[in-house]
Protein chains: 2
Amino acid sequence: MRPRLSPDEAVERSDAARNRERLLEAARDLIGECGAEGLTMDRLAEHAGVGKGTVFRRFGSRAGLMLTLLSESEAAFQARFMFGPPPLGPGAPGLERLIAFGIERIAYVMEFGDLALAAENASRGRVEVPAAALWYRHIEVLLTEEGFAADPWLMARSLGATLAPDRLLNLVRVHGVDADRLSDSWRELVTRVVTAA
Amino acid sequence: MRPRLSPDEAVERSDAARNRERLLEAARDLIGECGAEGLTMDRLAEHAGVGKGTVFRRFGSRAGLMLTLLSESEAAFQARFMFGPPPLGPGAPGLERLIAFGIERIAYVMEFGDLALAAENASRGRVEVPAAALWYRHIEVLLTEEGFAADPWLMARSLGATLAPDRLLNLVRVHGVDADRLSDSWRELVTRVVTAA
DNA sequence: ATAAGAAGCGGACCGTAGTCCGTTTAGATG
DNA sequence: CATCTAAACGGACTACGGTCCGCTTCTTAT
């Protein structure tokens, strides 16, 4: 009898693995050529030499694809604020970590912004980027650590909204704001929020 | 010779006016039936008995249509915070007006959120809702009035991001947060930002 | 090796926003 | 009333994201 595999340990079929590699490579190619917003699922399928159905089978949606492309850099970012050296990682006071978090996030968006933007726009009904829950939680913990008692859960989300890629990119690209100015404003914001009135 | 009219005083042709009325009525009908997200441009055209091209000629895009539908309530909202009675309108201290502004905005989004959401999603490249410039300016002025000196322009936009319809609706619909809690958090936020450290 | 069944595959198909362009018509002119 | 022209019209067309389902291929048990 064929051993039933639990979903976790299900093995990927070899052809499936090959196609996934092809698709990711093709995706990076196309993004390199045309930018993230120039990547369409049809062109990706054609460029990778697979059917369109395969693309959607792998990644579920365009957003899912973008998320996959982002995952390494996202993971690296997460690792840095959770386990890395201070002031971003543990070891520094909460406020300093909060400031560092925003500044690093701003830098991150400057680098991977288009991709993050494409990942956010789940076509149907605003699906939240899964990593976001982690950032919010992180901010919430730091707020609490600094003695912020009034609904830190919600305040974390408000502060996090300030760092949303679409907003930041809009400020930079349309209004010509630079990263330093964004960082200064973030510092001012969180400092005032944390400092008891 | 036919007098040349400047673009401002160009008169709308009678058939155009008739069609616009038909379209707006049909749009309100369909939204009443299916909600804002259920309104498609094809169905609108059919329901109004006009061609699809006419719909786009009138409103430019789906977002433009939604904006038009919102315009009266938007105008009313603007009038209230610019000329209405305190604490929302002039006459109250800046901080109180700021608090009132957020609370009213939250209430507004609870009422017209879907429409506002549909108006925001300009399909091509993040066009800013024109009214937003006014809100931001309003917040900026109030911040300055309260003695906030560190880049009030940018801080106004950060605070404004907190009140974005997609975010608020997500909190309410997905996380079950209610308007009062949002209002409390807003009060806390702006109070801390305005109160000098 | 063979058979069986699950996993994967592909591309026709759908709904949607938005564009294009040949045709119609309002309404001003004489 | 006849004429003329710019504005308005309409619907076929494109591009895109996403779904569906009959066919193919990998994997494993016999």
Is [Y] paired with [X] through a side-chain N to carboxylate O contact shorter than 4.0 Å?
X        : Y        : answer
A:Asp184 : A:Arg187 : yes
A:Glu12  : A:Arg20  : yes
B:Asp151 : B:Arg157 : no

Ring-face cation of A:Arg137 near A:Trp135 (centre distance under 6.0 Å, axis angle within 45°):
no
Give one of base, sugar-phosphate or nothing for A:Arg58, where a contact means two heavy atoms less than 4.0 Å apart.
sugar-phosphate
Given side chains that start at C-beta, do those of B:Arg105 and B:Phe77 come closer than 4.5 Å, heavy atoms only?
yes
What integer distance in Å separates [X]:[atom1] from [N]:[atom2]?
X       : N      : atom1 : atom2 : value
B:Met66 : C:dT16 : CE    : C1'   : 13 Å
A:Arg18 : C:dA7  : CZ    : P     : 18 Å
B:Phe59 : C:dT19 : CZ    : C1'   : 18 Å
A:Leu44 : D:dA15 : CG    : P     : 18 Å

Quick check: on DNA chain C, is the nucleotide nearest B:Ser14 upstream (toward 5') of the one nearest B:Asp42, or the reverse? Name the residue that is more 5'.
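On the 5' side of the pair lies B:Asp42.
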Has A:Thr54 got a side-chain N or O lying under 4.0 Å from the OP1 or OP2 atom of C:dG8?
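Result: no.
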May I ask you to evaluate whether A:Asn19 reaches the phosphate of C:dG8, defined as a side-chain N or O under 4.0 Å from OP1 or OP2?
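Checking A:Asn19 against C:dG8: no side-chain N or O falls below 4.0 Å of OP1 or OP2.
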Select one nucleotide: of C:dC9, D:dC16, C:dG11, the one nearest the side-chain heavy atoms of A:Thr40.
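Given the options C:dC9, D:dC16, C:dG11, the side chain of A:Thr40 is closest to D:dC16.
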Which nucleotide, C:dA17, D:dT19, C:dG10, lies nearest any side-chain atom of A:Val50?
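So the side chain of A:Val50 is nearest to C:dG10.
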Ignoring hydrogens and angles, does a donor from either the side chain of B:Lys52 or the base of D:dA12 sit under 3.5 Å from an acceptor on the other?
no
Would you say the side chain of A:Arg13 and the base of D:dT25 hold a donor-acceptor pair, judged only by whether the two atoms sit under 3.5 Å apart?
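Answer is yes: a donor-acceptor pair is held.
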Between the protein and nucleotides 20-23 of chain C, are there any N/O to N/O pairs under 3.5 Å, and if so, what are the atom names and distances?
none

Parallel, tilted or perpendicular: which fits the ring planes of B:Phe101 and B:His138, with parallel below 30° and perpendicular above 60°?
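Tilted.
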Do we see a donor-acceptor contact under 3.5 Å between the side chains of B:Ser158 and A:Arg167?
yes
